[in-house]
Amino acid sequence: MPYELPKTYDFKSAEARIYAMWEVGGYFKPWNDPNKPGFNPNIRPFVISIPPPNVTGELHLGHAMFVSMEDLMIRYHRMKGYPTLWVPGTDHAGIATQLMVERALAAEGLTREKLGREKFLERVWQWKEKYGNIITQQIRRLGASCDWDRERFTLDPGLSRAVREAFVRLYEKGLIYRGPRLINWSPGLRTAVSDLEVEYSEEQVTLYYFKYMLADGSGEYIPVATIRPETILGDTAVAVHPEDERYRRYIGRKVVVPILGREIPVITDTYVDPTFGTGALKVTPAHDPHDYEIAQRHNLPMISVLDEIGRMNENAGPYAGLDRFECRQRLWADMEAAGLTLRTEPYITSIPRAQRGGEIIEPMLSTQWFVRIKPLAEAAIEAVRSGRIRIVPERFEKIYYNWLENIQDWCISRQLWWGHRIPVWYCADCGKETVVREDPTQCAHCGSPRIEQDPDVLDTWFSSALWPFSTLGWPEETPDYRYFYPTSIMETGYDILFFWVARMIMMGLEFTGKEPFHTVYLHGLVRDEHGQKMSKTKGNVIDPLVVMEQFGTDALRFTLLVGSTPGNDMNLSIKKVEANRNFANKLWNAGRLVISLLEKAPQEPVGSAEWTLADRFIFARLKTVIADVERLFQNYQYGQAGQLLYDFFWSDFADWYLEIAKLQVATGGDRAFYTAERCAQVFDAILRMLHPFVPFVTEEIYGHLRRAVLEHSAHLCPLSGTWSEVLIIASWPEILPEEGGEETAIKDFERLRELVRAIRNLRAEKGVQPTQRLAAVLVTGERLYETLQEEKSTFAALARLDEARLTIHAHLDTKPEKHVALVEGELEVYLPLADLVNREEERQRLQKELAELEAQIQRLERLLAGEFAQKAPPHVVEKERQRLEEAQRAAEKIRRQLE
RNA sequence: GGGCGCAUAGCUCAGUUGGUUAGAGCGUCUCUCUUACACAGAGAAGGUCAGGGGUUCGAGUCCCUUUGCGCCCACCA
């Protein structure tokens with residue numbers, strides 16, 4: 001026994017070994033490399049840039065999903081023969097990483113301020129060195145076939161240069177500007193965040209009604225409501241609708257800000273909805289976007305009352321220094337004491353919260369850097385609208401348009417330290433900005449050396465937006481950039497369509513003049529098995545590493561890939577992973593069997609090379625599977641393709657063809673040699689097509705299979721390509737030409753299959769003992785009979801599939817008295833079960849069957865008599881007509897039985 | 001307020017140019033440790049494809065509508 005393969009596939013020992021073999025073998029690299037001799041620039045490559053995970057992050061199912069998906073695409077194209085490049089890398093993830101390090105510092109009783117900027121950054125880099133390769137190691141465990149020599153990090157010198165270049169170019173073009181605006185401020189993070197980083201949640205809050213007293217001492221007041229009483233301190237007007245009769249007499253008069261005593265005007269603005277609330281609106285320009293706009297229209301002063309950590313500032317008078325929420329309570333209590341309150345009521349509204357951290361975001365007046373995004377957005381819209389970029393699934397195109405058409409300027413400055421520092425220097429003398437590619441030593445305007453760099457850094461997504469080209473060398477015209485850019489497919493989750501995808505398209509078009517990729521493939525989110533979002537607090541988090549440890553990487557990958565559809569969330573259940581572990585094991589065992597068949601069969605071409613029905617069936621099926629898989633891959637229906645392969649392998653190849661082949665070889669029939677080889681050929685094609693889904697187990701089996709072929713059947717050719725050293729670079733099965741007769745082979749085999757099933761069924765129903773040896777007689781009609789005559793061995797094999805070693809002899813015009821008849825289309829089989837069966841029961845069974853057939857005949861007759869026959873396409877009508885004929889024949893046979 | 005998705009077997013889901021008796025995995029029930037695999041094999045039960053209407057010879061699939069769940073965008077104090 002040259003091969004002693006264990007009964008169970010041992011993924012634990014296989015995976016690391018196989019991955020190392022691939023990596024060391026250099027198979028992850030594009031075979032056509034612009035940096036190497038022999039490079040041919042005319043062959044189009046297939047390229048994916050990885051969505052860079054947070055450098056200090058840890059693997060979760062979202063990563064597992066995109067790695068599985070992208071590795072599938074990459075492996076498929078590699079086997080198709082494309083020079084294939086998958087660029088890996090990580091993202092510095094400004095806020096997330098900085099928070100982690102700050103938390104670690106806090107444990108030592110330190111803060112970043114105490115440490116100082118330089119020391120702090122050193123600490124973050126140390127942190128990055130320590131934890132930065134965990135995530136990439138974990139991605140390797142998933143089988144990712146990235147070119148690790150081309151790994152990038154967003155803070156690498158090269159990428160930092162790209163960021164600097166991009167900033168300067170946009171600045172020079174007037175697309176980047178600095179100015180005071182109302183922005184989203186995160187008091188906990190002490191930074192501005194973009195609109196996208198604010199999430200709204202429906203919450204119950206209190207709505208406070210109070211009196212805005214007229215300043216003239218008349219005792220009259222305007223009732224106003226607010227959910228944020230502390231902002232009263234920053235009010236600079238009360239606005240009413242110009243047509244509102246109730247408040248007409250107050251217009252132009254003054255009211256008094258509670259407690260502070262400031263006098264502010266009553267103005268009119270059509271923004272105010274007189275039917276909502278009290279119909280009067282307090283205007284706080286520095287802390288509300290709408291109020292901000294009103295203030296601009298009316299030239300109102302803007303008074304900030306909050307500081308950067310969410311405390312009241314000096315404008316809050318007696319409340320200065322209080323936390324915003326504490327102030328809210330105190331102020332209200334004071335107003336109550338002063339008789340200025342009316343009432344409070346519960347109120348449900350959406351509250352803005354920080355995407356990271358979840359604290360309440362405050363709109364604040366602040367000077368920040370912005371990208372004037374509209375001109376970029378227009379080009380990005382056009383790229384998709386023209387079809388130069390396709391989004392899969394298509395419905396996301398609408399969402400994409402909708403966002404870009406209503407886009408607001410992008411606030412790109414962050415008051416953080418970890419990130420790309422804004423390349424702007426301010427002059428202490430002339431006050432002007434110097435924005436240059438190389439760090440300046442003096443002001444570009446007045447030459448003063450007294451310049452200072454902007455302390456802020458850029459939004460992490462600014463560097464991410466450049467990722468597809470910055471990782472390839474841009475702004476340098478490197479060989480990689482020239483050859484591999486633009487990339488092919490951008491595969492990522494739909495949740496970052498705006499954050500990332502849209503911005504990459506905008507920046508790609510702006511800086512390279514090309515769409516950074518031709519297709520955007522969006523996958524859904526992975527949820528738990530009941531559709532709940534996974535979260536630590538719910539305790540329903542599935543750790544991919546644990547799953548891989550328990551069931552193997554292939555099982556996890558196959559689960560994520562099959563049964564998920566583009567753009568739709570998927571629910572992951574461990575049961576499914578387990579089932580797919582079983583699938584991998586089934587593959588393994590099929591491999592063991594095929595290898596043992598090769599060993600058992602003669603080593604030289606002897607015996608009959610004639611094709612059996614089973615042979616023709618499995619090759620015919622293989623042809624359609626190859627073609628269907630190809631079509632599904634073209635349409636990004638990877639899940640469907642995987643399912644198809646799963647079914648073909650298990651239900652056709654393993655359950656039927658291999659069972660037949662086993663008997664052929666075991667009985668030492670004259671077909672043993674060719675049968676073994678045909679098994680190997682079909683199985684090899686299956687392995688190749690499954691490789692992108694389950695790379696480890698297929699590679700492992702392939703290695704053994706290849707060795708067996710070389711040792712026992714050295715002349716044997718695979719159906720496509722050659723026996724390459726490793727499966728990862730084996731060629732993808734080509735669509736085989738039709739030779740005629742495929743359809744018939746499939747149909748005939750399926751009929752026999754049905755017959756065998758019917759026999760098994762009957763046996764099960766009648767409780768025939770498995771040990772009981774039975775003889776049976778088969779009667780066939782026309783074509784199939786002839787087919788079977790020349791396919792005796794197949795026929796025998798099929799017959800022996802039954803557990804009872806049921807032997808079926810082919811005879812025409814045989815109708816034994818005491819047999820039980822089974823009719824399957826044109827086939828009849830007689831089983832000598834009469835002794836076991838009550839005659840009357842058997843009659844009833846046949847009658848029931850006949851009734852069913854007659855109902856079907858009626859239905860079909862009615863169908864074919866109606867408009868269907870005229871209006872439906874001929875081949876559809878023909879199909880139904882055949883069905884009818886079959887049913888009629890079968891019914892006739894049963895009637896004869898019943899006579 | 002605007003937009004999108006989902007609703008198919010007990011559970012989780014496939015089902016992309018509409019083709020007529022709707023599939024898988026898991027679970028349940030029978031039987032089998034048969035010489036690749038009990039992580040298996042053979043068989044069974046289980047669905048008016050959310051409700052209603054329409055288009056069509058024909059609808060799980062297309063259109064309209066109702067209900068329920070979920071998501072995105074906008075954010076009326």
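Every chain is numbered from 1, with letters handed out A, B, ... down the list of sequences.
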Kindly say if [X] contacts the phosphate of [N], meaning a side-chain N or O under 4.0 Å from OP1 or OP2.
X	N	result
A:Thr349	B:C75	no
A:Tyr494	B:C4	no
A:Lys871	B:C57	yes
A:Lys576	B:G25	no
A:His290	B:C76	yes
A:Trp650	B:A40	no
A:Tyr646	B:G25	no
A:Lys586	B:G41	yes
A:Asn582	B:A40	yes

query = More 5' along RNA chain B: A:Ser596 or A:Glu867, using each one's nearest nucleotide?
reply = A:Ser596

Of A:Lys575 and A:Asn406, the one whose closest RNA chain B nucleotide lies more 5' = A:Lys575

Would you mind telling me which of [options] lies closest to the side-chain atoms of [X]?
X	options	answer
A:Asp655	B:C76, B:G41, B:G5	B:G41
A:Leu658	B:A36, B:C39, B:G3	B:A36
A:Thr8	B:C39, B:A77, B:C26	B:C39
A:Phe276	B:C73, B:G3, B:C76	B:C76
A:Ala872	B:G19, B:A42, B:A77	B:G19

Answer yes or no: side-chain N or O of [X] and base N or O of [N] forming a donor-acceptor pair under 3.5 Å.
X	N	answer
A:Gln637	B:U16	yes
A:Gln640	B:A24	no
A:Arg395	B:C4	no

query = With both distances under 3.5 Å as the test, what is the Watson-Crick or G-U wobble partner of B:G70?
reply = B:C4

request  = Answer yes if the side chains of A:His241 and A:Asp273 hold a donor-acceptor pair under 3.5 Å, and no otherwise.
outcome  = no

ask   = So, A:Thr519 and A:Tyr636: side-chain donor and acceptor under 3.5 Å apart, yes or no?
value = yes

inquiry  = Looking only at the aromatic ring of each residue, does the gap between the centers of A:Phe210 and A:Tyr212 stay below 6.0 angstrom?
reply    =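 Centroid distance A:Tyr212-A:Phe210: below 6.0 Å, so yes.
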
ask   = Would you call the rings of A:His290 and A:Tyr271 parallel, tilted or perpendicular, where under 30° means parallel and over 60° means perpendicular?
value = parallel

Parallel, tilted or perpendicular: rings of A:Phe649 and A:Phe683 (30°, 60°) =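 Ring orientation of A:Phe683 relative to A:Phe649: tilted.
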
inquiry  = Tell me the interatomic distance from A:Arg592, atom CZ, to B:U35, atom P, rounded to whole angstroms.
reply    = 12 Å

